[in-house]
Amino acid sequence: QPYSLRDFLGLCQRDPALQQRLQGVGSLSEIVRIAGEAGFSLKTRDLQLWAHHEAFDEPWWPWAGSDPQARQQFFRQS
């Protein structure tokens, strides 16, 4: 059974190497690919549905420090 998005976000909290990889991504599809390499089955739509979850406020996400419009734009792409 594939791990859930919630499980992936939990791993992100605990894994500094993963956090570093995520900082440099340029699209949701890259996040999905990285999640897949870690054994998670995610879709870009999963990320889009959770876009406003507090877990996505962490400083290692590529949109950290951006204005809300930049974050919205990131989540609109795939």
Side-chain angles (χ1 to χ4, degrees):
Q1 172 175 337
Y3 294 105
S4 71
L5 175 57
R6 186 177 301 269
D7 293 331
F8 177 66
L9 294 174
L11 176 62
C12 294
Q13 287 277 350
R14 299 184 306 273
D15 187 340
L18 182 57
Q19 294 169 11
Q20 188 172 21
R21 287 185 70 194
L22 290 168
Q23 282 179 331
V25 301
S27 69
L28 293 178
S29 58
E30 287 182 66
I31 296 173
V32 169
R33 181 182 49 76
I34 290 170
E37 291 170 2
F40 296 86
S41 180
L42 304 181
K43 296 181 171 90
T44 56
R45 186 69 181 143
D46 298 330
L47 297 168
Q48 290 167 331
L49 290 172
W50 280 56
H52 298 290
H53 190 274
E54 64 187 18
F56 288 120
D57 293 336
E58 298 292 349
W60 56 79
W61 295 109
W63 51 81
S66 298
D67 62 58
Q69 290 176 327
R71 181 174 173 167
Q72 285 177 345
Q73 183 61 33
F74 191 96
F75 276 93
R76 284 188 182 132
Q77 65 181 348
S78 58

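As the structure is a computational prediction, the values presented were derived from the model and not from experiment. Side-chain atoms are counted along with the backbone in the values below, which use heavy atoms only and exclude waters and symmetry mates.
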> Would you find a donor on one side and an acceptor on the other, under 3.5 Å apart, between the side chain of Q20 and the backbone of P16?
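Not a single qualifying donor-acceptor pair exists.
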> Flag yes if more than 12 heavy atoms outside H52 fall under 6.0 Å of its NE2 atom; otherwise flag no.
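No, because the 6.0 Å sphere around NE2 of H52 holds 12 heavy atoms or fewer from other groups.
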> Under the side chain to side chain contact (heavy atoms under 4.5 Å, CB included) criterion, do Q19 and L22 qualify, and how do the steps go?
CA-CA 5 Å; Q19 294 169 11; L22 290 168; 5.7 Å; no
> So, taking the atom named CG in D46 and the one named CG in L28, what distance separates them when rounded to the nearest 0.5 Å?
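Between D46 CG and L28 CG, I get 10.5 Å after rounding to 0.5 Å.
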> Could you check if a side-chain atom of W60 sits within less than 4.5 angstrom of a side-chain atom of Q13, using non-hydrogen atoms only?
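In short, these two side chains touch, coming nearer than 4.5 Å.
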> Would F8 and L18 satisfy side chain to side chain contact (heavy atoms under 4.5 Å, CB included), going step by step from the backbone distance to the final call?
CA-CA 10 Å; F8 177 66; L18 182 57; 4.0 Å; yes
> Can you tell if the side chain of W61 reaches within under 4.5 Å of the side chain of C12, non-hydrogen atoms only?
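Yes, their side chains come closer than 4.5 Å.
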> Quick one: closest heavy-atom pair of A64 and E58, and the distance?
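Looks like CB-O, 3.8 Å.
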> Go through it in stages, so that I can follow the logic: the residues are D57 and R71, the test is salt bridge (Lys or Arg N to Asp or Glu O under 4.0 Å), and I'd like the CA-CA distance, side-chain angles, deciding distance and then a yes or no.
CA-CA 10 Å; D57 293 336; R71 181 174 173 167; 2.6 Å; yes
> Would K43 and L5 satisfy side chain to side chain contact (heavy atoms under 4.5 Å, CB included), going step by step from the backbone distance to the final call?
CA-CA 9 Å; K43 296 181 171 90; L5 175 57; over 6 Å; no
> Give the intermediate values and the outcome of side chain to side chain contact (heavy atoms under 4.5 Å, CB included) for residues L9 and W50.
CA-CA 11 Å; L9 294 174; W50 280 56; 3.9 Å; yes
> Mind checking what makes salt bridge (Lys or Arg N to Asp or Glu O under 4.0 Å) contact with E37, not counting sequence neighbours?
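R21, R33.
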> Mind checking whether F75 and W63 have parallel, tilted or perpendicular rings, split at 30° and 60°?
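Geometry flag for W63 against F75: tilted rings.
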> Flag the pair V32 / F40 as yes when at least one side-chain heavy-atom distance between them is below 4.5 Å, and no otherwise.
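They are not in side-chain contact.
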> For I31 and F74, work out which heavy atoms get closest and say how close.
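Where I31 meets F74 most closely, the heavy atoms are CD1-CE2, 4.1 Å.
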> For the CD atom of E30 and the CD atom of Q77, what is their distance to the nearest 0.5 Å?
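Taking CD in E30 and CD in Q77, the distance rounds to 9.0 Å.
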